[in-house]
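Just so we're on the same page: letters track the sequence lines, and every chain starts at 1.
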Amino acid sequence: MAYWLFKSEPESYSFADLQAEPDRSTGWDGVRNYQARNLLRDTIKVGDQVFFYHSNAEPPGIVGIAKVVQAGHPEPAAFDAGHHYFDEKSDPSNPTWYQVRIQAVNPVEPPITLPELRSIPELAGMELLRKGSRLSVQPVTAAEWKLITGLAKTSKKKKQG
DNA sequence: GCCAACGTTGGC
DNA sequence: GCCAACGTTGGC
């Protein structure tokens, strides 16, 4: 069991969009970075848990939790000539791009914002907070996961009084 | 294999 | 909208 953080711009695909899917799940397609592709193809497994992060948002932050329901498999969109993610250089017999399927578990309400994450000394080494970090699929350590989900519960209790 | 040019990401 | 940081491309 491992932990990950997936970035998405809410304007293109939000956590609400994921929750609105018929089975609350989607194939995580459109990743066009080889480091992230390798994680999708080789490393991410069924049952792994995922922070759903909104980038280019106001504010950016973790807005939900999802889980992996299907491990890495070739990304169909890359072979679909009509699709935005079509890649004519990708050979179906040796696919370039991979996806996993994730399913919404629950929203994080209120979201845990980027400034909030930055304010926590224990998270100083987190990939997301690294200067210049752009990886859209990135590992999260068990300690980071535990700490952040703990924050989510705390803020939820506060909200409920 | 080097590296400049270019495109993208994503916080601010 | 700006721009720093990064990845990719392509000329040489």
Side-chain angles (χ1 to χ4, degrees), chain A residues 2-21 26-44 48-68 72-102 104-141 143-145 147-152 154-155:
Chain A
Y3 305 99
W4 309 96
L5 182 145
F6 286 14
K7 290 183 192 171
S8 184
E9 301 191 16
E11 298 237 336
S12 58
Y13 194 88
S14 69
F15 190 72
D17 291 331
L18 179 61
Q19 288 183 294
E21 301 282 0
T26 192
W28 200 252
D29 59 8
V31 172
R32 292 294 181 268
N33 168 283
Y34 287 104
Q35 200 179 338
R37 187 282 308 271
N38 292 348
L39 293 174
L40 292 173
R41 186 188 58 192
D42 306 329
T43 314
I44 301 177
D48 285 0
Q49 293 187 269
V50 175
F51 284 137
F52 196 109
Y53 177 88
H54 279 175
S55 59
N56 270 316
E58 188 47 53
I62 293 169
V63 297
I65 290 173
K67 65 180 179 184
V68 177
H73 54 284
E75 184 207 80
F79 307 125
D80 178 352
H83 200 283
H84 179 63
Y85 294 137
F86 176 63
D87 180 0
E88 60 179 0
K89 288 180 299 215
S90 181
D91 173 3
S93 68
N94 183 21
T96 308
W97 306 116
Y98 282 71
Q99 65 179 21
V100 301
R101 177 162 288 267
I102 63 168
V105 174
N106 55 258
V108 171
E109 285 172 343
I112 300 174
T113 68
L114 182 60
E116 194 175 346
L117 292 168
R118 282 199 196 287
S119 74
I120 299 167
E122 291 86 345
L123 297 180
M126 194 175 176
E127 169 68 24
L128 180 71
L129 306 183
R130 244 192 54 229
K131 184 181 167 88
S133 166
R134 297 195 329 198
L135 203 55
S136 66
V137 170
Q138 56 179 253
V140 172
T141 69
E144 290 161 355
W145 182 272
L147 195 156
I148 293 167
T149 51
L151 291 177
T154 305
S155 56

Span of DNA chain C, from the first to the last nucleotide whose atoms fall under 4.0 Å of chain A heavy atoms: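 Contacts span dA5(C) to dT8(C), reading 5' to 3'.
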Are the side chains of [X] and [Y] in touch, meaning some heavy atoms are under 4.5 Å apart?
{"X": "Tyr3(A)", "Y": "Glu144(A)", "answer": "no"}
{"X": "Thr43(A)", "Y": "Trp4(A)", "answer": "yes"}
{"X": "Ile65(A)", "Y": "Trp145(A)", "answer": "yes"}
{"X": "Ile44(A)", "Y": "Val137(A)", "answer": "yes"}

query: Got a sec, which residues hit side chain to side chain donor-acceptor pair (under 3.5 Å) with Asn106(A), two or more places apart in sequence or on another chain?
result: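 Counting only residues at least two positions away or on another chain, Asn106(A) forms no side chain to side chain donor-acceptor pair (under 3.5 Å).
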message: Using the rule given for ring-ring contact (aromatic ring centres under 6.0 Å, His included), can you reason through Trp97(A) versus Tyr34(A), listing the C-alpha separation, both sets of side-chain angles and the distance that settles it, and then say yes or no?
response: CA-CA 9 Å; Trp97(A) 306 116; Tyr34(A) 287 104; 5.0 Å; yes
Under a 3.5 Å distance rule, please check whether [X] uses its side chain to pair with a backbone N or O of [Y] as donor and acceptor.
{"X": "Gln19(A)", "Y": "Ala104(A)", "answer": "no"}
{"X": "His54(A)", "Y": "Lys7(A)", "answer": "no"}
{"X": "Asp17(A)", "Y": "Ser14(A)", "answer": "yes"}
{"X": "Asp87(A)", "Y": "Ala78(A)", "answer": "no"}
{"X": "Arg118(A)", "Y": "Leu129(A)", "answer": "yes"}

query: Taking atom CD of Glu127(A) as the centre, does the number of heavy atoms from other residues, nucleotides or ligands within less than 6.0 Å exceed 12?
result: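 Count over threshold, so yes.
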- prompt: What pattern of brackets, bars and dots sums up DNA chain C from 5' to 3', given Watson-Crick or G-U wobble pairs under 3.5 Å, [ ] for crossing pairs and | for another strand?
  reply: ||||||||||||
- prompt: Should Arg32(A) and Glu75(A) count as an ion pair when the cut-off is N to O under 4.0 Å?
  reply: yes
task: Check the pair Thr149(A) / Gln49(A) against side chain to side chain contact (heavy atoms under 4.5 Å, CB included), numbers first and verdict last.
output: CA-CA 11 Å; Thr149(A) 51; Gln49(A) 293 187 269; over 6 Å; no
field: DNA chain B contacts made by residues 52-60 of chain A, counting heavy atoms under 4.0 Å
entry: Tyr53(A), Ser55(A), Asn56(A), Pro60(A)
message: Expected output is a numbered-order residue list: members of residues 121-134 of chain A with a heavy atom under 4.0 Å from any atom of DNA chain C. What is it?
response: Lys131(A), Gly132(A), Arg134(A)
- prompt: Quick one, which residues of residues 78-87 of chain A touch DNA chain C with a heavy atom under 4.0 Å?
  reply: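 Heavy-atom cutoff 4.0 Å gives no residues at all.
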field: Name of the residue among Arg101(A), Gln99(A), Arg41(A) meeting side-chain hydrogen bond (donor to acceptor under 3.5 Å, both in side chains) with His73(A)
entry: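 Testing His73(A) for a side-chain hydrogen bond (donor to acceptor under 3.5 Å, both in side chains) against Arg101(A), Gln99(A), Arg41(A) leaves exactly one candidate, Gln99(A).
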